[in-house]
Amino acid sequence: MFRLLRGIICYTTLVYLFIAHGKNIQKWLVGFLFFYGASSITTVWYENGTMASISMILNFTAFLMLLWYIVPKFNLKNLTKKFTLLFILMILVNGYLFFQLIELMKEMTLNYTQYLFMVLSAFCGLLLAFLSLFYNHFFNSKLSMSFTLLVFLIIFAEIFRGIAYYDLGHSAAFVYLARILLVLSLYTLVHFSFLDLKSVKSIKTLTT
């Protein structure tokens with residue numbers, strides 16, 4: 001039920017945003033909630049190797065939807081030495097922690113495909129963290145801060161979900177913590193979607 005709950009929360013959020021935004025709803029946002037919700041639902045059968053692989057592929061695809069939004073905001077010309085050093089430090093520290101966690105899970109994965117997409121999702125998480133910090137640093141707006149908060153809430157929700165599922169700690173506590181962070185992340189996503197549409201409308205108004 002706890003696994004299914006993730007999917008229910010994602011699709012409930014998606015339905016609400018369809019009602020609120022109608023045809024103006026952002027495509028990347030629809031993609032993220034659809035694939036993230038589907039990934040969550042397939043974890044109900046996570047003990048099956050094929051379903052576990054499908055779940056991780058869908059999870060990775062959901063992260064790609066977030067990259068779809070943030071990558072166009074990134075401009076190499078604005079990349080300073082400070083942010084280059086920050087990126088290297090983030091890769092070294094967070095990368096080490098991510099892969100330590102994944103190594104703990106490696107023996108518990110059911111096949112190579114599942115493990116591969118766990119690693120790819122971790123790389124996506126690192127990239128999203130860096131890009132969101134970069135985005136917030138150079139734009140420093142409510143919109144950029146909201147997106148950064150969204151990314152980090154999702155990352156920590158994923159980490160605690162992994163700890164809980166693979167019983168690497170006090171699993172019951174981490175299950176609840178992962179769900180709370182998921183709800184907070186989707187609340188932030190809804191808030192961000194309104195800010196994003198408002199920003200787009202403002203730009204259109206200025207250009208007409």
Q. Any chance CZ of F156 has more than 12 other-residue heavy atoms, nucleotides or ligands included, within less than 6.0 Å?
A. no
Q: May I ask you to test the L33-L186 pair for a side-chain heavy-atom distance under 4.5 Å?
A: yes
Q.
Between W45 and T50, is there a side-chain heavy-atom distance shorter than 4.5 Å?
A. no
Q. Shortest non-hydrogen contact from S40 to R6?
A. OG-NE, 3.2 Å
Q: Following the transitive rule for hydrophobic clusters with a side-chain heavy-atom cut-off under 4.5 Å over Ile, Leu, Val, Met, Phe, Trp and Tyr, establish whether L4 and F174 coincide in one cluster.
A: yes
Q. What distance separates F134 CZ from L127 CG, expressed to the nearest 0.5 Å?
A. 12.0 Å
Q: Indicate if L14 and Y187 have the same hydrophobic cluster label, given that clusters are the connected sets of ILVMFWY residues with side-chain heavy-atom separations under 4.5 angstrom.
A: no
Q) Would a 4.5 Å heavy-atom cut-off, applied to side chains only, mark T113 and F117 as touching? A) yes
Q: Taking all heavy atoms of I155 and all of G125, pick out the closest pair and write down the distance.
A: CD1-O, 3.4 Å
(Q) Quick check: do F35 and L64 have side-chain heavy atoms less than 4.5 Å from each other? (A) no
Q.
Please tell me whether M145 and L153 are part of a single hydrophobic cluster in this structure, the criterion being side-chain heavy atoms less than 4.5 Å apart.
A. no
Q) Other hydrophobic cluster members with V15, side-chain heavy atoms of Ile/Leu/Val/Met/Phe/Trp/Tyr under 4.5 Å, chained? A) I19
Q: Measure the acute angle between the ring planes of Y112 and Y115, then classify it against the limits of 30° and 60° as parallel, tilted or perpendicular.
A: tilted
Q.
Quick one, Y36 with M65, criterion side-chain contact (heavy atoms from CB on, under 4.5 Å). Give me CA distance, side-chain angles, the key distance, then yes/no.
A. CA-CA 10 Å; Y36 204 53; M65 296 298 105; over 6 Å; no
(Q) Membership question, hydrophobic clusters at under 4.5 Å side-chain separation (ILVMFWY): are F18 and I8 in the same one? (A) yes
Q: Look up atom CG in L143 and atom NZ in K198, then write down how far apart they are to the nearest 0.5 Å.
A: 11.0 Å
Q) Taking all non-hydrogen atoms of both residues, which atom of A157 and which atom of L182 are closest, and how far apart? A) CB-N, 4.0 Å
Q) Tell me, do W28 and D196 make a side-chain contact under 4.5 Å, heavy atoms counted? A) yes
Q) So does F194 have more than 12 non-hydrogen atoms from other groups sitting under 6.0 Å from CZ? A) yes
Q: Walk me through it: do F147 and Y69 pass the test ring pair (Phe, Tyr, Trp, His ring centres under 6.0 Å)?
A: CA-CA 10 Å; F147 186 82; Y69 173 80; 5.1 Å; yes
Q: Verify side-chain contact (heavy atoms from CB on, under 4.5 Å) between L131 and L67, making sure each step is shown before the conclusion.
A: CA-CA 9 Å; L131 291 177; L67 286 173; 3.9 Å; yes
Q: Would you sort out whether I180 and V183 count as a side-chain contact (heavy atoms from CB on, under 4.5 Å), showing the intermediate values?
A: CA-CA 5 Å; I180 290 169; V183 171; 5.9 Å; no
Q) So which heavy atom on S146 is nearest to which on L195, and how close? A) CB-CD1, 4.2 Å
**Q.** Closest approach of S39 to L58 (non-hydrogen atoms, all atoms of both residues)
**A.** CB-CB, 3.7 Å
**Q.** Gap separating the CG atom of L189 from the CG atom of L66, nearest 0.5 angstrom
**A.** 8.0 Å
Q) Would the number of heavy atoms belonging to other residues, nucleotides or ligands and lying under 6.0 Å from CE of M51 be above 12? A) yes
Q. What's the spacing between N111 CG and N48 CG if we round to 0.5 Å?
A. 9.0 Å
Q.
Rounded to the nearest 0.5 Å, what separates atom CG in L128 from atom OH in Y135?
A. 13.0 Å
Q.
Quick check: do I154 and F32 have side-chain heavy atoms less than 4.5 Å from each other?
A. yes
Q) Between the main-chain N or O of V190 and the side-chain N or O of S193, is there a donor-acceptor pair closer than 3.5 Å? A) yes
Q.
Rounded at 0.5 Å granularity, tell me how far NZ in K27 sits from CH2 in W68.
A. 7.0 Å
Q: For T148 and S132, indicate whether the former's side chain and the latter's backbone hold a donor-acceptor pair under 3.5 Å.
A: yes
Q: Decide yes or no on side-chain contact (heavy atoms from CB on, under 4.5 Å) for H21 and L29, but give the supporting numbers first.
A: CA-CA 11 Å; H21 298 327; L29 189 151; 5.7 Å; no
Q | Minimum heavy-atom distance between C124 and F60, given as atom pair plus value | A | SG-CE1, 3.6 Å
